[in-house]
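Fair warning: this is a prediction, and the values are worked out from it, not measured in the lab. Within every chain, numbering begins at 1; the chains are lettered A, B, ... in the order of the sequence lines, protein sequences first and strands thereafter.
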Number of protein chains: 2
Amino acid sequence: MTDLDAPTTAELIAKRLRYDILSGKLKPLQPLRQDEIAAQMGVSKIPTREALVQLKTEGLVVIHQNRGAVVAEFSASEVAEVYEMRAALETLAIRRAIPNMTKSDFVRAEGLIEIMDDTHDALNWSELNWEFHAMLYRPANMPRLLEHIRMLHSNVARYVVHYLTSVDYHAEAQRQHRLILQLCRTGNIAQATPQLEAHLTQAGKKIAQFLKKDEG
Amino acid sequence: MTDLDAPTTAELIAKRLRYDILSGKLKPLQPLRQDEIAAQMGVSKIPTREALVQLKTEGLVVIHQNRGAVVAEFSASEVAEVYEMRAALETLAIRRAIPNMTKSDFVRAEGLIEIMDDTHDALNWSELNWEFHAMLYRPANMPRLLEHIRMLHSNVARYVVHYLTSVDYHAEAQRQHRLILQLCRTGNIAQATPQLEAHLTQAGKKIAQFLKKDEG
DNA sequence: TTGTGTATAATCGTATACGATTATACTAAT
DNA sequence: ATTAGTATAATCGTATACGATTATACACAA
């Protein structure tokens, strides 16, 4: 008997490529050649192809017929679109979650905020930021919803990181995080929901605007 | 030179499997064996596996490590969850779409409703129903949003078909469709949005309830 | 009977191999 | 010089082959 659920080769490749894309090591429009990736990982093309198909449906990769895959590029308006979708889904999630939140949820969320206070690496901060948001949504017990939100988050994470390395947004974001968490603590759905929506809408607009400069 | 974008074998298999799942020919939990499917289509396993990976991320198939794939089964509560997500995203879509709707959009939407009046086959009706809804959202010019909605629709389409074959919901649905379209015509976002939300919430509840009887 | 172990078959996951498609470099003609 | 055409290389997509994992059947002991 071997490891009960050893990740499949395709999963390993997908994980690695995903990380390299999110961290910015692989840049938008950069080609992802099957042979090259396979050789690098010391495996064949077959699992590599499956990994690329997976990442395609996650929106991180674009595959062109017989022309191979490239890292997906999001335009400013597409990033804005993703943030609108996130706002719609994440407000739903927090609405359903608040009634089920427990004391330990609040403690752990507060803990994350404090760690983020001392985290200045943009990539780490982005990951902690997702963990914080996920914590607010998990009590909703809506796993499919959470998975969709996670995918949307991962779609724009690269651009968030890029933005954070240029602009100091930490203090502002942290202030909003603390406010939203406080509203959750008091069970105030009526105010927590629009605050979260504003938090996301504002971030989306800032990042889209930031990208537009590059595009122009 | 051959056909410029002839669909890849994997895409053909995915399309076929998707149709067979949505139409109910392949039932929930039914195993999807790679060799069997490949032999049936006269191809090898490689593109078959890619098709299954694709359908997995669409939520129509579940793959277990070294144990193969089965048609995904949605519990009543999962169907309800999908409908909540649809309500969140589709209200966003229609809100953004209404200001951009043109006369020809209204004509075509009305045409679809009339065709649906005479469509009694549940599968056909379900497809037309999607086309009608998509028509309401397309003017939003949010392709990623539309694609997500399409996936969610396809997740529950089987159960809609199943429900429609047992219960006569056509008249009620058509009445709501006409009302929503009329509100779009007059640019009444304030009322169209909650009407659409009610339309979806109601359908979701009915279908979830219907499924619960089977589960119990 | 019920459970446990082992042999066999079925199925999966991936490496290798190869034809098909697309990109690139080079030649020749206008 | 620019373009069109062709040969060559690079890359993709899929068939075949095979080791690895899991399921099944059956013998045997408690």
May I have the distance from [X] (atom [atom1]) to [N] (atom [atom2]), rounded to whole angstrom?
X	N	atom1	atom2	result
A/His64	D/dT11	NE2	P	17 Å
A/Gln65	C/dA20	CD	P	15 Å
A/Glu11	C/dC12	CD	P	16 Å
A/Glu50	C/dC12	CD	C1'	11 Å
B/Leu52	C/dC12	CG	C1'	12 Å
B/Leu12	D/dG13	CG	C1'	13 Å

Does [X] have a side-chain nitrogen or oxygen under 4.0 Å from the phosphate oxygens OP1 or OP2 of [N]?
X	N	result
A/Arg33	D/dT11	yes
B/Thr9	D/dT14	yes
A/Arg67	C/dA23	yes

Query raised in the report: How long is the span from the CG atom in B/Leu128 to the CE atom in B/Met135, to the nearest 0.5 Å?
Result: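 Rounded to the nearest 0.5 Å, the CG-CE separation comes to 10.5 Å.
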Output all residues satisfying side chain to side chain donor-acceptor pair (under 3.5 Å) with [X], sequence neighbours left out; order by chain, then residue number.
X	answer
B/Asp214	none
A/Lys45	none
B/His170	B/Asp168

Query - Nearest-nucleotide pick for B/Thr8, side chain only, options being D/dG13, D/dT22, C/dT14 - result: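 Of D/dG13, D/dT22, C/dT14, D/dG13 is nearest to the side chain of B/Thr8.
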Query raised in the report: Picking from C/dT21, D/dT14, C/dG13, which would you name as closest to the side chain of A/Asn66?
Result: C/dT21
Requested in this report: Could you list all the ring pair (Phe, Tyr, Trp, His ring centres under 6.0 Å) pairs where at least one residue sits in residues 18-49 of chain B, not counting sequence neighbours?
Outcome: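 Of all non-adjacent pairs touching residues 18-49 of chain B, none passes ring pair (Phe, Tyr, Trp, His ring centres under 6.0 Å).
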Requested in this report: Would you mind listing every side-chain hydrogen bond (donor to acceptor under 3.5 Å, both in side chains) that reaches into residues 99-114 of chain A, with sequence neighbours excluded?
Outcome: A/Thr102-A/Ser104, A/Thr102-A/Asp105
Query raised in the report: side-chain hydrogen bond (donor to acceptor under 3.5 Å, both in side chains): which pairs involve residues 50-63 of chain A, sequence neighbours left out?
Result: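 Found A/Arg18-A/Glu58, A/Glu50-B/Arg49, A/Gln54-A/Glu58, A/Gln54-B/Lys56, A/Lys56-B/Gln54, A/Thr57-B/Thr57.
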**Report entry** Pairing residues for A/Val62 by the side chain to side chain contact (heavy atoms under 4.5 Å, CB included) criterion, not counting sequence neighbours
**Finding:** A/His64, A/Val70, A/Ala72
Query raised in the report: Does anything in residues 55-63 of chain A reach DNA chain D, meaning a heavy atom under 4.0 Å, and if so which residues?
Result: none
Query raised in the report: Which parts of residues 34-47 of chain B get close to DNA chain D, meaning a heavy atom less than 4.0 angstrom away?
Result: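 Those residues are B/Val43, B/Ser44, B/Ile46, B/Pro47.
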Query raised in the report: Can A/Glu215 and A/Lys212 be counted as an ion pair, charged N to O under 4.0 angstrom?
Result: no
